[in-house]
**Q** 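Pasting a structure below so you can have a look.
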Protein chains: 2
Amino acid sequence: MLNNSHYIDKLRSSGLRPTKQRIKICEILFNTEKTFHFTINDLVKKISKATNDKISLATVYNTVHAFKKKGYLKEIPINSDQSYFDTNTSHHHHFYDENQKDLIDIDDADVEPVKVNTRIPGKKIKSVEVLVKVEDA
Amino acid sequence: MLNNSHYIDKLRSSGLRPTKQRIKICEILFNTEKTFHFTINDLVKKISKATNDKISLATVYNTVHAFKKKGYLKEIPINSDQSYFDTNTSHHHHFYDENQKDLIDIDDADVEPVKVNTRIPGKKIKSVEVLVKVEDA
DNA sequence: TCAACAGTTTAGAACTATTATAATGTAGAA
DNA sequence: TTCTACATTATAATAGTTCTAAACTGTTGA
């Protein structure tokens, strides 16, 4: 296990108090090279595997929302009965396999920049997200 | 009001019985040049304005799902607490105004074709959807 | 150090969109 | 007309998420 001081600094520097719940969730989400996609339910399961101290569901929601707001997580736009989050906050897009109900990252180098030649007056672009739905060939 | 026989034929030819509820919903959704985006809740409100005969919520859900399955409606992938549907089933993309919670069509001519230079083995691409999130400038 | 306060966690209730149920109604075929 | 399968309906059930209010804790500053 890595030193948690990194997470403590990260949390503190973004104005979030480094509580033990938040540090634990940081460990689970960010203590790995690999990024991944998850639902709240997935995360709750990971937490209960990783620790004996239970974290309340409300805290999991609060924390995920706080992390999203701070830019440590991205929410993936997809119609589903649950929200999907992504620990990969760099710019990239997704395949969604409609048969397996599975999300797969698309390396950003594999998608030509999307050019949108129109604007909404008084609005600025926040993000451009591409979802490629695939199905069994 | 246009002649409903068109909708009756359309429904019948796709294997859906032309009930008065379905015909009414067809009138509301398709009796206009303009295409539009709506949630189930929006549609329920439109129905209650347009008719005195109330249509039950379950029927609205059933009908929208049936129409989507038949390709008369598209569901728009977006994270929201509600599902959004689109009467424009041709290929096009969307802006989503995060302040007004409003969807806006992007004319397909205003988006350069999205090139995805990678594939999932054994899968074929079903759709490529671009969602441009905007916020107040 | 420690009191005070603001931010955080918590269990559980509440809320919202959606789906399921099962009884009643209706379109279309024979 | 009568039958049957499909549709509609009110309502209950479900599931994900948010709210509430009380208890707890990290941080500040005296």
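The chains referred to below are lettered A, B, ... by the order of the sequence lines, with proteins before strands, and numbering in each begins at 1. Keep in mind that what you see is a predicted model, and the values were worked out from it rather than measured.
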**Q** Is a side-chain N or O of T87(B) found less than 3.5 angstrom from the main chain of F36(B), in a donor-acceptor match?
**A** yes
**Q** Identify which one of I47(A), V64(A), T19(A) satisfies the side chain to side chain contact (heavy atoms under 4.5 Å, CB included) criterion when paired with I25(A).
**A**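 So the option named by the test is I47(A).
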**Q** Please check if the number of heavy atoms outside K46(A) that lie under 6.0 Å from its NZ is greater than 12.
**A** no
**Q** Less than 4.0 angstrom between a side-chain N/O of R22(A) and OP1 or OP2 of dT9(C), yes or no?
**A** yes
**Q** So, does N88(A) use its side chain to make a donor-acceptor pair with the main chain of S90(A) at under 3.5 Å?
**A** yes
**Q** Where does the chain A footprint on DNA chain D start and end, counting 5' to 3' with a 4.0 Å heavy-atom cut-off?
**A**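 The protein-touched segment is dG16(D) to dT27(D).
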**Q** Checking D105(A) against H37(A): is there a side-chain donor and acceptor pair closer than 3.5 Å?
**A** yes
**Q** Answer yes when D53(A) and K20(A) have at least one side-chain N-carboxylate O distance shorter than 4.0 Å, and no when they do not.
**A**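 No, no charged N to carboxylate O under 4.0 Å.
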**Q** To the nearest Å, give me how far apart CG (N62(A)) and C1' (dG12(C)) are.
**A**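 In whole Å, dG12(C) C1' lies 14 Å from N62(A) CG.
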**Q** Looking for any heavy atom pair under 4.0 Å, which part of the strands does K54(B) touch: base, sugar-phosphate only, or nothing?
**A** sugar-phosphate
**Q** Would you mind reading off the distance between L11(B) atom CG and dT26(C) atom P, rounded to a whole angstrom?
**A**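 Answer to the nearest Å: 18 Å.
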**Q** Which one, dG28(C), dA6(C), dT9(C), comes nearest to the side chain of T59(A)?
**A**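 The listed nucleotide nearest to T59(A)'s side chain is dT9(C).
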**Q** Distance from K74(B) atom NZ to T35(B) atom OG1, nearest 0.5 Å?
**A**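 So the gap between those two atoms works out to 10.0 Å.
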**Q** With respect to the side chain of R17(A), which nucleotide from dT26(C), dT8(C), dT10(C) is positioned closest?
**A**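 It is dT8(C).
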**Q** So which protein N/O to nucleotides 17-19 of chain C N/O distances come out below 3.5 Å?
**A**
| from | atom 1 | to | atom 2 | distance (Å) |
| --- | --- | --- | --- | --- |
| dT18(C) | OP1 | S83(B) | N | 2.9 |
| dT18(C) | OP1 | S83(B) | OG | 3.0 |
| dT18(C) | OP2 | Y61(B) | OH | 2.8 |
| dT18(C) | O5' | Y61(B) | OH | 3.3 |

**Q** Work out which heavy atom in E75(A) is nearest to a heavy atom in S83(A); give both atom names and the distance.
**A** OE2-OG, 3.1 Å
**Q** Where is the tightest heavy-atom contact between F85(A) and K68(A), given as atom of each residue plus distance?
**A**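 Residues F85(A) and K68(A), closest heavy atoms: CE2-CD, 4.1 Å.
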**Q** Respond yes when some side-chain nitrogen or oxygen of T19(B) is under 4.0 Å from OP1 or OP2 of dA27(C), and no when none is.
**A**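 False: T19(B) side-chain N/O out of range (4.0 Å or more) of dA27(C) OP1/OP2.
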**Q** Is the shortest side-chain N/O distance from R12(B) to OP1 or OP2 of dA27(C) below 4.0 Å?
**A** no
